[in-house]
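Written below as structure tokens is the structure these notes are about.
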Number of protein chains: 2
Amino acid sequence: MSKVTIYSIAEELNVSASTVSRAFSRPELVKSDVRDQILALAERLGYQPNKTARRLVTGVTGAIGLFVPDITNPFMPPLVRAIQQAAVERDASVLLVDAEEDSRAELGLITRIAGQVDGMIIVSPRSASSVIKQAVGRKPTVLINRVMDGVPSVVCDNTSALREAGGHLVELGHRTIALLRGPSASWAAQRRSEAVRIWARKADVALIELGPFDASFDGGRAGAEAFAESGATAVFAFDDLAACGVVAGLSDRGLRVPAHRSVVGCDDVLLARVLTPSLTTITAPVDDLGTTAVRMLEEALAGNDPEPIRLPGTFVPRDSTGPAAS
Amino acid sequence: MSKVTIYSIAEELNVSASTVSRAFSRPELVKSDVRDQILALAERLGYQPNKTARRLVTGVTGAIGLFVPDITNPFMPPLVRAIQQAAVERDASVLLVDAEEDSRAELGLITRIAGQVDGMIIVSPRSASSVIKQAVGRKPTVLINRVMDGVPSVVCDNTSALREAGGHLVELGHRTIALLRGPSASWAAQRRSEAVRIWARKADVALIELGPFDASFDGGRAGAEAFAESGATAVFAFDDLAACGVVAGLSDRGLRVPAHRSVVGCDDVLLARVLTPSLTTITAPVDDLGTTAVRMLEEALAGNDPEPIRLPGTFVPRDSTGPAAS
DNA sequence: TTGAAAGCGCTAACAC
DNA sequence: GTGTTAGCGCTTTCAA
């Protein structure tokens with residue numbers, strides 16, 4: 001039982017190897033009855049065109065590189081899934097690279113996979129631009145949640161959802177609200193803070209800015225201390241993980257959510273739904289983010305350069321916000 | 001600036017392409033000064049052997065397929081990371097496939113990547129054995145958290161940690177304890193239940209078995225109802241996610257953890273640490289699981305067939321367990 | 001220790 | 001529409 005190739009099929013059917021090849025790669029070029037015969041025999045023999053050989057001659061790998069800073073961040077898995085799914089639909093595979101928050105390793109990892117993929121999707125709020133530029137220089141690249149001149153990107157825009165969240169807090173009677181600022185190197189963190197700031201000014205609420213804190217559970221926990229002493233009754237946490245930290249930190253001080261303080265998260269990761277109390281937060285359109293990124297990469301691969309896209313998040317009130325304690 | 005190949009290097013140095021090839025693939029076969037020259041020039045030119053070409057002739061892809069049932073399950077990301085890291089150390093890449101809990105798609109996805117990798121790691125507690133056998137038949141395969149005759153596997157063994165957890169509950173005064181059973185199709189779930197059962201018999205505590213429930217937040221929430229009415233004061237949840245569900249379900253009934261009821265999770269996923277109260281649970285040795293799987297796959301690839309390995313989990317008391325309410 | 005030559009399995013001109 | 005002919009960039013006998 002030797003391996004089946006276009007040659008073995010060609011021989012069996014008394015056609016040339018090219019015809020067999022065409023039957024798979026450009027079916028419209030071969031007469032339909034011949035094509036059907038070929039496909040049928042191939043099916044019966046369990047033939048699959050050898051991707052490696054195809055790749056060697058065409059130069060297309062059929063793989064896309066997915067670079068994530070930290071797959072352990074709860075925001076990532078659903079995004080990875082969405083990308084993976086969109087890739088499979090396009091008959092592409094996903095080569096995953098997790099930088100493990102090690103910025104020194106990033107460049108090496110990127111160059112490493114660049115040679116094995118057609119293009120890359122980079123989800124990296126904090127990588128140095130120089131690193132990203134390296135990647136962009138090698139292969140068509142799409143950025144997620146980060147914008148950079150001349151590079152296609154999809155970002156989640158929370159501006160209006162944050163406004164809604166603010167309105168919700170005001171309705172609940174909150175007049176002094178804290179903002180836990182995220183890492184200053186994070187593009188998303190900056191935009192978020194700015195959006196809250198603008199809203200607060202217009203809504204005439206007292207905004208107490210705290211931080212910056214790490215975008216982590218411990219960051220949130222640290223923030224809780226400042227928040228508890230700030231006189232604010234509600235807080236915008238940097239993201240859901242930080243919000244969990246805030247809840248924990250408040251609990252350490254005997255403060256309950258939402259009875260004593262209200263907390264708003266961001267992203268709506270799994271955490272937000274399973275925490276007790278469940279988190280009022282802003283749902284990021286992860287699925288859209290992922291499929292859009294893949295679609296844009298496809299365009300970029302086709303030689304166009306797609307316009308940056310922003311997808312709005314949506315506000316979801318849950319149980320971590322309640323009436324302001326008097 | 002044409003692309004640099006073994007030929008361009010060979011020409012430049014007046015050696016044959018074979019020599020250049022050897023300098024990279026079997027350096028010991030080429031005289032050291034020649035080799036140094038070649039390597040130096042290659043370095044200067046930024047030459048990297050073309051993996052595709054190499055792959056075509058050798059048949060090794062340098063990639064390992066990682067098949068996960070649901071990357072959204074919080075147990076997975078750290079595992080994926082560990083595997084990815086171990087792979088990078090061996091100069092291999094990871095082709096990720098997420099089945100999205102769609103068992104019908106599994107087979108297709110597996111066959112799909114089988115052709116693109118040297119071997120596979122499958123983390124699939126619930127896939128049909130037939131599907132797994134398919135994979136195993138195609139490429140060397142290592143199973144994580146599942147055992148199957150004749151297939152190398154690494155599993156997490158929680159028996160002794162569960163015993164410890166039980167002891168901990170008894171010390172806290174619990175005498176009637178509930179067991180939330182996981183999905184009956186899950187290999188891990190069965191072993192867990194069995195371990196708890198055996199412990200309970202020996203420890204002379206009343207064990208109330210409930211379920212089976214889904215290994216999910218909602219499954220836990222459903223379980224909470226049964227638990228609340230069971231008369232038990234503590235519960236072994238199927239995993240941490242289910243434990244979160246239990247906490248939520250109890251809270252719906254006005255029951256607090258750990259004041260009114262104690263809850264023990266399993267796996268020690270991120271969730272467990274960021275929940276308030278933090279979960280008493282059993283830490284799965286994910287890093288070890290991942291690196292061991294990669295090591296075993298490497299062995300399998302080398303033609304050996306490695307013995308199944310079990311790695312013990314460790315008990316971690318936290319804040320979700322407390323003295324039994326009287 | 002090195003070189004020549006023959007492929008790995010496929011695609012893509014080009015000619016028929 | 002189909003066949004012929006060259007490769008894609010590398011590894012690997014086999015001889016020298």
Side-chain angles (χ1 to χ4, degrees), chain A residues 1-39 41-42 45-63 91-93 114-118 301, chain B residues 1-39 41-42 45-63 91-93 114-118 138-139 301:
Chain A
M1 175 209 122
S2 64
K3 69 188 59 165
V4 15
T5 69
I6 47 173
Y7 291 104
S8 53
I9 295 186
E11 196 172 10
E12 187 93 8
L13 258 33
N14 274 323
V15 295
S16 78
S18 325
T19 304
V20 178
S21 169
R22 287 190 194 105
F24 288 95
S25 48
R26 336 233 344 235
E28 70 281 7
L29 293 185
V30 22
K31 211 165 53 177
S32 59
D33 55 332
V34 186
R35 192 202 317 143
D36 293 346
Q37 258 187 86
I38 294 175
L39 263 24
L41 180 57
L45 265 35
Y47 169 77
Q48 296 268 97
N50 179 317
K51 294 211 181 193
T52 305
R54 183 176 270 180
R55 173 174 313 181
L56 180 57
V57 51
T58 61
V60 324
T61 69
D91 215 53
S93 12
Q116 308 179 52
V117 299
D118 297 331
L301 252 18
Chain B
M1 174 209 121
S2 65
K3 68 188 58 164
V4 16
T5 69
I6 49 172
Y7 291 103
S8 54
I9 295 186
E11 195 172 13
E12 188 93 8
L13 259 33
N14 274 322
V15 296
S16 78
S18 322
T19 303
V20 178
S21 169
R22 287 191 192 104
F24 287 96
S25 49
R26 336 222 0 223
E28 70 281 8
L29 293 185
V30 22
K31 211 164 55 176
S32 60
D33 55 332
V34 184
R35 191 203 317 144
D36 293 347
Q37 258 186 87
I38 295 175
L39 263 25
L41 179 57
L45 264 34
Y47 169 77
Q48 296 268 98
N50 179 318
K51 292 211 181 195
T52 305
R54 182 177 273 181
R55 174 174 313 180
L56 180 57
V57 51
T58 60
V60 325
T61 69
D91 216 53
S93 11
Q116 308 180 53
V117 300
D118 297 331
R138 287 167 194 278
K139 295 280 173 172
L301 253 16

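Chain letters run A, B, ... following the sequence lines, proteins first and then strands; every chain starts at 1. As the structure is a computational prediction, the values presented were derived from the model and not from experiment. The figures here come from the full heavy-atom set of this structure, side chains too, leaving out hydrogens, waters and symmetry mates.
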Practice item. Round to a whole Å and report the spacing from NZ of A/Lys3 to P of C/dG7. Key: 14 Å
Practice item. Let me know the distance between CG of B/Leu56 and P of D/dG7, rounded to the nearest Å. Key: 17 Å
Study note, to complete from the structure: On DNA chain C, more 5' by nearest nucleotide between A/Thr52 and B/Glu28 is B/Glu28
Revision key, fill the gap. Between B/Gln116 and B/Ala63, the two heavy atoms sitting closest are O-CB, 3.9 Å
Exercise for review: Ignoring hydrogens and angles, tell me if any N or O in the side chain of A/Ser25 forms a donor-acceptor pair with the backbone of A/Ser21 under 3.5 Å.
Suggested key: yes
Exercise for review: Mind calculating the distance between CG (B/Asn14) and P (C/dA4) to the nearest angstrom?
Suggested key: 11 Å
**Study point:** Atom-pair distance (CD1 on B/Ile9; C1' on D/dG9), nearest Å
**Key:** 12 Å
Check your understanding: How many Å lie between CG on A/Leu29 and C1' on C/dA15, as a whole number?
Key -> 16 Å
Practice item. Using a 4.0 Å heavy-atom cut-off, write out nucleotides 10-16 of chain D from 5' to 3' as B (base contacted by protein), S (sugar-phosphate only) or - (no contact). Key: BBBB---
Review point. Any side-chain N or O of A/Thr19 less than 4.0 Å from the OP1 or OP2 oxygen of D/dT2?
Key: no
Check your understanding: Within the side chain of A/Thr61, is there an N or O that forms a donor-acceptor pair under 3.5 Å with the backbone of A/Asp118?
Key -> yes
Point to revise | B/Thr19 and B/Ser16: side chain donor to acceptor below 3.5 Å | key: yes
Review point. Do A/Leu41 and A/Tyr47 have side-chain heavy atoms sitting under 4.5 Å apart?
Key: no
Point to revise | Among D/dG3, D/dG9, C/dT2, the one nearest B/Val34 by side-chain distance | key: C/dT2
Practice item. Taking B/Arg22 for its side chain and B/Val30 for its backbone only, find out whether a donor-acceptor pair lies under 3.5 Å. Key: no
